[in-house]
Amino acid sequence: MYKDIIAENFIEEEILKDLESGRSKEVITRCPPEPSGYWHIGHCKAWIIDFETANKFGGYTNLRMDDTNPTKEDGDFANSYVKDLEWLGYTPKNVIYASESYFEKIYEIAENMIKNGDAYVCELTPEEVSNTRGTLTEPGTNSPYRDRPIEESLQMFRDMRAGKYEDGKVTLRAKIDMAHPNMNMRDPVMYRVMRAHHYKTGDKWCIYPMYDFAHPMEDALEGVTYSLCDISFEDHRPLYDWFIEHGWGKPYPPRQIEFSKLNLENVLLGKRYLKKLVNEGKVLGWDDPRYLTIVGMRRRGYTAKAIKDFIKSLGLSKSDSTIPFNALEFYVRNDLNNIATRAMAVLDPVKVVITNYKGSELCEMQNNPNIEDAGVHTMTFSDTIYIDSDDFSLNPPPKYNRLVLGGMVRLKGAYIIKCNNVVYKEDGTIDYLECEYIPNSKSGNDTSGLKVKGTIHFVSADNCTEVTIRNFKNLIKDEYLDPSKALAEGVDVDEILEPDSMTESKALVENFLTSAQVEDKFQFMRKGYYTLDKDSTKDNLIFNHTISLKDGFKVK
RNA sequence: UGGAGUGUCGCCAAGCGGUAAGGCCCGGGAUUCUGACUCCCGUAUUCGUAGGUUCGAAUCCUACCACUUCAGCCA
C-alpha cells in the first residue's frame, strides 16, 4: 500500500525505508503541545508536518497535551489548541492529556527501570547536580547515591510519590554515563518532586516526570511511530532512544526525526515577549493582528490555506533558515485574491460633483472576477461621489493615468468622467472637483468609443457608510531581523517596537458592507484586503487591513 | 581532538556519479473597466574551501573553513 508513495522530503524517505525494512508498520504521529501559551506560525509548521505526513501514509495524528509541568500549564490553552487545529483544517484522531492518560503507566515503567538497575533515587540538591554534571569539555562525576541498593531506591521512589519528601529534595535519575560526551546522557533527571496543582490531575501527584523521560514513553504507550520535532531536540535523540530501549523495549519502537524550525525575519515569536506585550497593554491581546499567533493571524485576515500553502512551499530540511516576511504575504494575497469579495472603499475622500448629472442609478459590480459564479452586487452612481485623493493630481508624475484637471478617467463599473474644474476652500485646499460624465460610456454599454488609460474606484454619496480602518505596520522595526535575539542580548522592548504600528483611520465604503460578519474578507478595489474585526459594533464597523495589493505603479 | 547538526542563486529548496528542478524576491514585456490577478521572457559554466578517485563529481574519499546548537529538578 505504501509501494506507490513517492517520498517528497527526507522524513518521508526515512519512513519509506522503515516501512520497507519492516522497522515500522504504520505512520502514527502526534502533535504534542505543552499547554502553556498560544500557538504561533512556528508551531504551525510542526503540526502541518505531523498531520500531512501521517495522512500521506494513511495513518493518523493525535493531539496530545504534553502537560508534565503543572507550574506552567493551563487548561484554557489546551482548549485553544483544539480550536486552532480545527481552524487549520486538521482533525486529530484522539485528544489526549498525557497527565490523565499516561502518568500512572509512566510511573510503573519508572519502577521497573529502578528494578532493572537503570534508575536511582538521588539526594543531590539542584545545585549539586549542576556542579557534578561537568562541562561541555569535561566529564561529570557520579552522584554518591548512584549505586545505592535497588530496593532502597525503589522504596524511596515510592516514598517520593507518597509525598514523604519536600520539593527539590530528591529526584529519580537515569543511570547512564556521567562522562558521556552528550550532556543529555549524564544521568538525566526522570522525576522531580513538585507540589503544584495540576489543571488536569489536580493534587493527585506530587512527582512529575521530566520531558525527556515522559515524551518517549507517551509516544510508545500511544502507539506513535514517528515523533517529529524541531532540530533543538536532536541532541536528545540518543536519550529518547535510550529510554525507549530501557523503559519500553518492545518491537516497532517510535522513532524521533527532527527538522529545522521556521524562523521569519522581523517577527517576534518568543512566548515570554509576546506575553509581556500583552500584559503591558502594548497590543490588543494574544490575538493582536500584528502577532503571528494563530489567533492573531486569523484576526488579521490571513487564511488557514494561505498559512499552509506558505509552509508547504518552504520544503523540509535540517538547515537553518530565516524566511523573509514577504514570502508569507505572497500566499496571503494569493488566497485572498481567490476568495475575497470585491468592494469599493474610499480611504481618503475627495468630493466630486458630476455637473451634468442629476439623481442616481444602479451599477453592477462583480463580487469576484476570478470566480465565475461569485455573482454581482449593485452599487450606485450619482451626482455626488467620492474618489480617493491619490487618484487625482494637480501635478501628475509621468505615466500617471488617473484623474487630472482636463483629463478623463473611468469610474470602475460606471461612467467615464472628465474633470473640468477644481473648487477650492478658503484655506486653499480642494473643496471638490467639478466633473462631467460621458452619458454613453456606462460599463457594459459603452458606445462612446473613448479609450481612457485609467480606471479608479469611487463611492456614491447616497450609498456609503463611514467605517473605521485599522492599519498595521510590522510590530518590530525593520532593522531587528531577529527581535528575540536582540531582546535576549538586552535591547529594550520599547526600542525594538515600531512606533505607531497600529493606527486607525476612517473610510467610506459601499453600504452592503454593513451586513458583513466578523472575519468576512473583502478586497477594497485597488487598495488591499480587509477583514471585519471582532471589535466592530453596529454603529462602528472596524476593518483590519490584512495586506495591500501589489502596486506596480512606480513614480520615476 | 567535547558532542551533535548544517553549508547548492538575494531568501527557501530539489538533486542520491552522467553533465544545476521549482517557488519567493528582482528586472523586462503582453494583457487588463482592479497600475491587482493572469501570461510570457530573463536571472548559478556553478554547488563552503583545497586536494583526490573517475571517461565523467554538487553527488564518492581526505583535509580544512564557516555557521548553528547542547551544561533546567523547562518543554
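A, B, ... follow the sequence lines: proteins, then strands. Residue 1 opens every chain. FYI, side chains are in, hydrogens and waters are out, and symmetry mates aren't considered; it's all heavy atoms of this structure.
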Asks: Looking at every strand, decide which applies to Thr71(A) at a 4.0 Å heavy-atom threshold: base, sugar-phosphate, or nothing.
Replies: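 The residue Thr71(A) makes no contact with any strand.
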Asks: By a strict heavy-atom criterion of less than 4.0 Å, which residues belonging to residues 308-318 of chain A are in contact with RNA chain B?
Replies: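 RNA chain B contact set from residues 308-318 of chain A: Leu314(A), Leu316(A), Ser317(A), Lys318(A).
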Asks: Report yes if the distance between the aromatic ring centroids of Phe524(A) and Phe543(A) is under 6.0 Å, otherwise no.
Replies: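 Close enough - the centres of the two rings lie under 6.0 Å apart.
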Asks: Using nucleotides 7-11 of chain B, report all nitrogen or oxygen pairs with the protein that are shorter than 3.5 Å.
Replies:
from, atom 1, to, atom 2, distance (Å)
rC11(B), O3', Thr322(A), O, 3.4
rC11(B), O2', Thr322(A), O, 3.2

Asks: Give, ordered by number, those residues of residues 210-221 of chain A having at least one heavy-atom distance below 4.0 Å to an atom of RNA chain B; if nothing qualifies, reply none.
Replies: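 Hits under 4.0 Å, by residue number: Met210(A), Tyr211(A).
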Asks: Can you pull the ring-ring contact (aromatic ring centres under 6.0 Å, His included) pairs that have at least one residue in residues 308-345 of chain A, sequence neighbours excluded?
Replies: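 As it turns out, there is no ring-ring contact (aromatic ring centres under 6.0 Å, His included) pair with a partner in residues 308-345 of chain A once direct neighbours are skipped.
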Asks: Hey, what do you get for CE (Met156(A)) to OG1 (Thr171(A)), rounding to the nearest 0.5 Å?
Replies: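 So the CE of Met156(A) and the OG1 of Thr171(A) are separated by 9.5 Å.
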Asks: Enumerate the protein-to-nucleotides 36-41 of chain B contacts in which both atoms are nitrogen or oxygen and the separation is below 3.5 Å.
Replies:
from, atom 1, to, atom 2, distance (Å)
rC37(B), O2', Asn337(A), ND2, 2.9

Asks: Within this structure, what is the OH-to-P distance between Tyr97(A) and rA75(B), rounded to whole angstrom?
Replies: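 Result: 18 Å.
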Asks: Check the orientation of His215(A) and Tyr240(A). Use parallel for under 30°, tilted for 30 to 60°, and perpendicular for over 60°.
Replies: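 Because their plane-to-plane angle lies in the 30° to 60° range, the rings of His215(A) and Tyr240(A) count as tilted.
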Asks: Round to the nearest Å and state the distance from Lys527(A) atom NZ to rG35(B) atom C1'.
Replies: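 Result: 12 Å.
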Asks: Whole angstrom is fine here: how far is it from CG in Asp177(A) over to C1' in rG3(B)?
Replies: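 Interatomic distance, CG of Asp177(A) to C1' of rG3(B): 13 Å.
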Asks: Examine the base of rC74(B) for any acceptor or donor lying under 3.5 Å from a partner atom in the side chain of Glu73(A), and report the outcome as yes or no.
Replies: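 Such a pair does not exist between side chain and base.
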Asks: For Gln256(A) and rA4(B), what is the distance between atoms CD and C1' respectively, to the nearest whole Å?
Replies: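 The answer, rounded to whole Å, is 13 Å.
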Asks: Please name the nucleotide paired to rU54(B) by Watson-Crick or G-U wobble geometry with both distances under 3.5 Å, or report none.
Replies: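 Across any shown strand, rU54(B) pairs with none.
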Asks: Scan every strand shown for a Watson-Crick or G-U wobble partner of rC73(B), both distances under 3.5 Å, and answer none if you come up empty.
Replies: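 rC73(B) is unpaired by these criteria.
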Asks: State which residues pass side chain to side chain contact (heavy atoms under 4.5 Å, CB included) with Glu265(A); sequence neighbours excluded, sorted by chain then number.
Replies: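 Side chain to side chain contact (heavy atoms under 4.5 Å, CB included) check on Glu265(A) returns Thr322(A), Pro324(A), Leu481(A).
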Asks: Once you apply a heavy-atom cut-off of 4.0 Å, does Lys442(A) come out as touching a base, just sugar-phosphate, or nothing?
Replies: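 Result for Lys442(A) = base.
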Asks: Could you check which nucleotide pairs with rU31(B) in any of the strands shown, counting Watson-Crick or G-U wobble with both distances under 3.5 Å?
Replies: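 When the pairing criteria are applied, nothing turns out to pair with rU31(B), so the answer is none.
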Asks: Base, sugar-phosphate, or nothing for Glu8(A), non-hydrogen atoms under 4.0 angstrom?
Replies: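 Nothing, no heavy atom under 4.0 Å.
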Asks: At a cut-off of 3.5 Å, list every protein nitrogen or oxygen paired with a nitrogen or oxygen from nucleotides 64-67 of chain B, distance to 0.1 Å.
Replies:
none

Asks: Looking at Glu234(A) and Lys318(A), does any basic side-chain N land under 4.0 Å from a carboxylate oxygen?
Replies: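 Yes.
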Asks: Answer yes or no: is there an ion pair linking Glu20(A) with Lys17(A), defined by an N-O contact shorter than 4.0 Å?
Replies: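 No, Glu20(A) and Lys17(A) are not salt-bridged.
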Asks: After noting the C-alpha distance and the side-chain angles of Arg133(A) and Asp187(A), does the key distance pass the salt bridge (charged side-chain N to carboxylate O under 4.0 Å, His left out) rule?
Replies: CA-CA 9 Å; Arg133(A) 191 172 350 254; Asp187(A) 288 13; over 6 Å; no
Asks: How many Å lie between CG on Asp388(A) and P on rU34(B), as a whole number?
Replies: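 Whole-Å distance recorded here is 17 Å.
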Asks: Would rG72(B) be called syn or anti, given that syn covers angles within 90° of 0?
Replies: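 That one's syn.
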Asks: Applying a 4.0 Å non-hydrogen cut-off, can you work out what Arg402(A) is touching in the nucleic acid: base, sugar-phosphate, or nothing?
Replies: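 The residue Arg402(A) makes base contact.
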Asks: Just checking Tyr191(A): base, sugar-phosphate only, or nothing, at a heavy-atom cut-off of under 4.0 Å?
Replies: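 No contact.
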Asks: On the 0 to 90° scale, with breaks at 30° and 60°, tag the Phe77(A)-Tyr38(A) ring pair as parallel, tilted or perpendicular.
Replies: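 The rings of Phe77(A) and Tyr38(A) stand perpendicular, inter-plane angle above 60°.
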Asks: Whole angstrom is fine here: how far is it from NE2 in His180(A) over to C1' in rA71(B)?
Replies: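 Spelled out: NE2 on His180(A) to C1' on rA71(B) is 14 Å.
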Asks: Apply side-chain hydrogen bond (donor to acceptor under 3.5 Å, both in side chains) to Tyr81(A) and list each qualifying residue two or more places apart in sequence or on a separate chain.
Replies: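 Per chain and number, Tyr81(A) pairs via side-chain hydrogen bond (donor to acceptor under 3.5 Å, both in side chains) with no residue.
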Asks: Would you classify Arg410(A) as touching base, sugar-phosphate or nothing, given that sugar-phosphate means primed atoms plus P, OP1 and OP2, and contacts are heavy atoms under 4.0 Å?
Replies: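 Touches a base.
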Asks: Among residues two or more places apart or on two chains, list those pairs meeting salt bridge (Lys or Arg N to Asp or Glu O under 4.0 Å) that have a residue in residues 445-455 of chain A.
Replies: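 Listed once each, the pairs are Arg410(A)-Asp446(A).
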Asks: So does Glu166(A) pair up with Arg195(A), basic N to acidic O under 4.0 Å?
Replies: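 The answer is no: the pair does not qualify as a salt bridge.
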Asks: Hey, what's the ring geometry for Tyr415(A) with Phe381(A), parallel, tilted or perpendicular (30° and 60° as the breaks)?
Replies: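 Geometry flag for Phe381(A) against Tyr415(A): tilted rings.
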Asks: What is the separation between atom CG on Leu328(A) and atom P on rC25(B), rounded to the nearest whole Å?
Replies: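 One finds 12 Å between P of rC25(B) and CG of Leu328(A), rounded.
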Asks: Please determine, for rA44(B), whether a Watson-Crick or G-U wobble partner exists with both distances under 3.5 Å, and give it or none.
Replies: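 Here rA44(B) is not engaged in any pair, so there is no nucleotide opposite it.
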Asks: How long is the line joining CG of Leu411(A) and P of rU34(B), in whole Å?
Replies: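 These atoms are roughly 13 Å apart.
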Asks: What residues form a side chain to side chain contact (heavy atoms under 4.5 Å, CB included) with Asp18(A), not counting sequence neighbours?
Replies: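 Once residues adjacent in sequence are excluded, the partners of Asp18(A) under the side chain to side chain contact (heavy atoms under 4.5 Å, CB included) criterion are Arg23(A), Ser24(A), Tyr226(A), Arg255(A).
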Asks: What's the closest nucleotide to the side chain of Pro126(A) if the choices are rA71(B), rC73(B), rA75(B)?
Replies: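 Of all the options, the side chain of Pro126(A) is nearest to rC73(B).
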Asks: Classify the nucleic acid contact of Gly444(A) as base, sugar-phosphate or nothing, counting any heavy atom under 4.0 Å across all strands shown.
Replies: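 Gly444(A): base contact, heavy atoms under 4.0 Å.
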Asks: What distance, rounded to whole Å, do you find between the two P atoms, one in rC16(B) and one in rG10(B)?
Replies: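 Nearest-Å result for rC16(B) against rG10(B) at atom P: 23 Å.
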Asks: Using Watson-Crick or G-U wobble geometry with both distances below 3.5 Å, tell me the partner of rU68(B), or none.
Replies: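 Its partner is rA4(B).
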Asks: Reckon Thr68(A) touches a base, only the sugar-phosphate, or nothing at all at heavy-atom distances under 4.0 Å?
Replies: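 Answer is sugar-phosphate: Thr68(A) comes under 4.0 Å of backbone atoms only.
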Asks: Do any side-chain nitrogens or oxygens of Arg186(A) fall under 4.0 Å of OP1 or OP2 in rC70(B)?
Replies: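 Arg186(A) to rC70(B) OP1/OP2: no side-chain N or O under 4.0 Å.
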Asks: Base, sugar-phosphate or nothing for Gly413(A)? Non-hydrogen atoms, less than 4.0 Å.
Replies: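 It contacts base atoms.
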Asks: Does Asn69(A) reach a base, just sugar-phosphate, or nothing at all? Heavy atoms under 4.0 Å.
Replies: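 The residue Asn69(A) makes sugar-phosphate contact but no base contact.
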Asks: In whole angstrom, give me the gap between the C1' atoms of rA57(B) and rC67(B).
Replies: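 Going atom to atom, C1' in each nucleotide, I get 25 Å.
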Asks: Do Tyr480(A) and Asn266(A) come within less than 4.5 Å of each other through their side chains, counting heavy atoms only?
Replies: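 Of all side-chain heavy-atom pairs linking Asn266(A) with Tyr480(A), none is under 4.5 Å.
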Asks: Tell me whether the rings of Phe512(A) and His377(A) are parallel (<30°), tilted (30 to 60°) or perpendicular (>60°).
Replies: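 Taking His377(A) first and then Phe512(A), their aromatic rings sit tilted (interplane angle of 30° to 60°).
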Asks: Suppose we define a pair by two distances each less than 3.5 Å, Watson-Crick or G-U wobble; what does rU19(B) pair with here?
Replies: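 Its partner is none (no Watson-Crick or G-U wobble pair with both distances under 3.5 Å).
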Asks: On the six-membered ring of Tyr107(A), is Arg161(A) placed so that its NZ or CZ lies under 6.0 angstrom from the centre and within 45° of the ring axis?
Replies: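 Here Arg161(A) passes the 6.0 Å and 45° test against Tyr107(A).
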Asks: Could you check which nucleotide pairs with rC25(B) in any of the strands shown, counting Watson-Crick or G-U wobble with both distances under 3.5 Å?
Replies: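 Base-paired to nothing in any strand shown.
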Asks: Not counting sequence neighbours, which residues clear salt bridge (charged side-chain N to carboxylate O under 4.0 Å, His left out) with Asp67(A)? List them please.
Replies: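 Asp67(A) satisfies salt bridge (charged side-chain N to carboxylate O under 4.0 Å, His left out) with no residue once adjacent residues are dropped.
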Asks: Side-chain donor-acceptor pairs under 3.5 Å in residues 134-144 of chain A, sequence neighbours left out?
Replies:
from, atom 1, to, atom 2, distance (Å)
Thr135(A), OG1, Thr137(A), N, 3.2
Thr135(A), OG1, Glu138(A), N, 3.0
Ser143(A), OG, Tyr145(A), N, 3.1

